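Heads up: the structure comes next, in structure tokens.
Here is how names work: the chains are called A, B, and so on, in the same order as the sequence lines, proteins then strands, and each is numbered from 1. Just so it is clear, the structure is predicted and the values come from calculations on it, not from any experiment. All values below come from the heavy atoms of this structure, side chains included, with hydrogens, waters and symmetry mates left out.
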There are 2 protein chains.
Amino acid sequence: MKGREFKDAMYDGLAKLLKALSNPYRLEIIEMLSQGEKSVEGIVQTTTLTFANASQHLQVLKNNNIVKARKEKQYVFYSIINDEFLSLYQHVIKYAVQEIAELEKTLNRQREDNNASNAVSLDELETMLQNKDVLLMDVRPAFEFEFGHITGAMSVPMNEMMSKLKSFSKDKEIIAYCRGPFCVLADEAVRILSEQGYSIRRLDEGYPEWKIKNLN
Amino acid sequence: MKGREFKDAMYDGLAKLLKALSNPYRLEIIEMLSQGEKSVEGIVQTTTLTFANASQHLQVLKNNNIVKARKEKQYVFYSIINDEFLSLYQHVIKYAVQEIAELEKTLNRQREDNNASNAVSLDELETMLQNKDVLLMDVRPAFEFEFGHITGAMSVPMNEMMSKLKSFSKDKEIIAYCRGPFCVLADEAVRILSEQGYSIRRLDEGYPEWKIKNLN
DNA sequence: CAAGTATTCAATAGATATATTGAATACTTG
DNA sequence: CAAGTATTCAATATATCTATTGAATACTTG
């Protein structure tokens, strides 16, 4: 293989991977699958996609070594192919949020609207958990919590929030987290609970970031 | 802004960034600019692109916060926007080469064809430079060397290789490097010099990887 | 094996990306 | 200011991507 052919082959392959990532719905699917495996139906429920369309996007991701599929009964369960990809994806998110002014602004406005500007980083959370008596609250749906969650967290899905609300002490500081920096569940939790007089902040990141950080 | 709107805005923005990266020629441009700033003409010379086409690709990169432009006299000099992006780009390359079977295979075959399979990593290079008397050879064009190079390297551009060849000792181990893992100059250097009986290996990475690694 | 369900396939129309061409702009230098 | 040069713009044809639709497949369960 000549030098030019080799370079073309490498850059074509690389561009193919990045093309598979360059669609907003596929990115949303990746966020969902970062929480644990999900069937096509599971994806359809949490996005605005139709069944056939979700299936096609999932196949693009599968054909480009981003997700893998496992069949069980009638269901096909998709999941992120490996932790290396998850780590790369998080690097992309982090770069975009920190270096692209437009996205940084949108994120900040969203947090301000929900009184969630004073987000806690994963590093801060770690020292807080060691030194203080904080309530770490996982506000994702229960089955995502079951697939995996931050050590020491309590599962309080958003739909159960109001009924469980009374059982929380207003003296204890609460940290809410969900799927990642783009997940709005934690923002909503902050808005609702701070309106009720609780001391609550959100985690800047989410469960997948914690998982990658604690792999060693 | 509603939760759905916020997510759409974030994922659209993210997809836009990734779309800008999802083209093989733009990736090659990024590799070239990783060596230091270059005019449009500089890009045209080292790729197969026409002037107008290169200019358009550069503008896509500029509009997506990947490169920045500086005007001097009639020339417009483009460069990578910041080290954070360079670091992200290198993460993508590393993932692709290690986790995508097709790319890994293509890279390995290229190295085998040039007797360059026994590449040295940046970590290995560091200990080698401390313990042995090795000749570190930068085989990129001279002006790229001048923009920046690995500490202790000697500039031996490929077009001067044959004339300078006589001055190298066959007893000393040689490590050749160029622009990065995809750069073929180092492979060619290995093939040529090993045929001449020299003890030579290539660096797995290139100058930009060394630069990011040594930022602190 | 019939009915039901989850998923995928195939075809298509509309949207977006890309390379090419020739012209326009902006700047420098004499 | 005229001529030359580097770069960008504008228009366009082709290729690729995407969502939608309706049907096909594969599997389970009664």
Side-chain angles (χ1 to χ4, degrees), chain A residues 4 7-8 11-30 32-33 36-79 143, chain B residues 4 7-8 11-30 32-33 36-79 143:
Chain A
R4 185 73 247 168
K7 283 177 105 168
D8 285 347
Y11 285 122
D12 284 354
L14 204 49
K16 203 164 154 279
L17 169 71
L18 290 159
K19 198 162 280 176
L21 289 174
S22 70
N23 175 286
Y25 298 116
R26 287 201 287 273
L27 293 172
E28 191 175 358
I29 290 175
I30 289 170
M32 293 313 299
L33 296 184
E37 64 173 20
K38 284 201 163 52
S39 67
V40 182
E41 193 177 18
I43 294 296
V44 169
Q45 285 171 352
T46 47
T47 61
T48 60
L49 296 172
T50 64
F51 229 91
N53 200 5
S55 173
Q56 284 175 188
H57 280 305
L58 282 163
Q59 269 157 89
V60 172
L61 293 173
K62 197 176 104 181
N63 293 334
N64 285 279
N65 294 289
I66 295 166
V67 307
K68 57 179 188 269
R70 169 178 83 82
K71 200 156 192 179
E72 186 183 313
K73 298 191 177 177
Q74 314 100 302
Y75 305 92
V76 179
F77 290 97
Y78 286 91
S79 55
F143 60 91
Chain B
R4 186 73 247 167
K7 284 179 104 168
D8 284 348
Y11 286 121
D12 283 355
L14 204 48
K16 203 163 153 281
L17 169 70
L18 290 160
K19 199 161 278 178
L21 289 175
S22 70
N23 175 286
Y25 298 116
R26 289 200 286 273
L27 293 172
E28 192 176 356
I29 290 174
I30 290 170
M32 292 313 300
L33 297 183
E37 66 173 19
K38 284 199 163 53
S39 67
V40 183
E41 193 177 18
I43 294 296
V44 169
Q45 285 170 352
T46 48
T47 60
T48 60
L49 297 172
T50 64
F51 229 93
N53 200 4
S55 173
Q56 284 174 187
H57 280 305
L58 282 163
Q59 269 157 89
V60 172
L61 292 173
K62 196 176 105 182
N63 293 335
N64 286 281
N65 294 290
I66 295 167
V67 307
K68 57 178 191 269
R70 170 179 84 78
K71 202 159 192 179
E72 186 183 312
K73 298 194 176 176
Q74 313 100 302
Y75 304 92
V76 179
F77 289 97
Y78 286 91
S79 56
F143 59 90

Self-check item: Distance-minimising heavy-atom pair for A:Leu33 and A:Tyr78
Solution: CD2-O, 3.5 Å
Self-check item: For A:Ile29 against A:Leu61, the heavy-atom pair lying closest together
Solution: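 In this case the closest contact between A:Ile29 and A:Leu61 is CG2-CD1, 3.8 Å.
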Quiz item: Which residues pass the side-chain hydrogen bond (donor to acceptor under 3.5 Å, both in side chains) test with A:Glu37, sequence neighbours left out?
Solution: A:Arg70
Quiz item: Looking at DNA chain C, which of residues 47-63 of chain A put a heavy atom within less than 4.0 Å of it?
Solution: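 Those residues whose heavy atoms fall under 4.0 Å from DNA chain C, taken from residues 47-63 of chain A in numerical order, are A:Phe51, A:Ala52, A:Ser55, A:Gln56, A:Gln59.
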Exercise. Could you identify which residues of residues 11-18 of chain A place a heavy atom less than 4.0 Å from some atom of DNA chain C, listed by residue number, or say none?
Key: none
Practice problem: Name the residue closer to the 5' end of DNA chain D, choosing between A:Glu72 and A:Tyr25 according to the nucleotide with the nearest heavy atom. | Solution: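 Comparing both residues, the 5'-ward one is A:Tyr25.
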Are any non-hydrogen side-chain atoms of [X] and [Y] less than 4.5 angstrom apart?
X: B:Leu21; Y: B:Ile30; answer: yes
X: B:Leu18; Y: A:Leu27; answer: yes
X: B:Leu17; Y: B:Ile66; answer: yes

Under the 3.5 angstrom rule, does the side chain of [X] hit a backbone N or O of [Y] as a donor-acceptor pair?
X: A:Arg26; Y: A:Ala20; answer: yes
X: B:Asn23; Y: B:Tyr25; answer: yes
X: A:Gln59; Y: A:Ser55; answer: yes

Quiz prompt | With A:Lys19 via side-chain contact (heavy atoms from CB on, under 4.5 Å) - residues at least two apart | solution =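 For A:Lys19 the side-chain contact (heavy atoms from CB on, under 4.5 Å) partners, ignoring immediate neighbours, are A:Ser22, B:Ser22.
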Quiz item: Hey, is A:Lys38 close enough to A:Glu28 for a salt bridge, meaning N to O under 4.0 Å?
Solution: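 Between A:Glu28 and A:Lys38 there is no salt bridge, as every charged N stays at least 4.0 Å from the carboxylate O atoms.
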Quiz prompt | From NZ (A:Lys68) to CZ (A:Phe77), nearest 0.5 Å | solution =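 It is 14.0 Å, given to the nearest 0.5 Å.
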Exercise. Kindly compute the distance separating OG1 (A:Thr47) from CZ (B:Arg4), expressed to the nearest 0.5 Å.
Key: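 Reported to 0.5 Å precision, the distance equals 7.0 Å.
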Exercise. Extract, from 5' to 3' on DNA chain C, the first and final nucleotides lying under 4.0 angstrom from some heavy atom of chain A.
Key: C:dA6 to C:dA10
Quiz item: So what does A:Tyr78 touch, heavy atoms closer than 4.0 Å: a base, only the sugar-phosphate, or nothing?
Solution: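 The residue A:Tyr78 makes sugar-phosphate contact but no base contact.
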Self-check item: Base-pairing string, 5' to 3', of DNA chain D - Watson-Crick or wobble, under 3.5 Å, | interstrand
Solution: ||||||||||||||||||||||||||||||
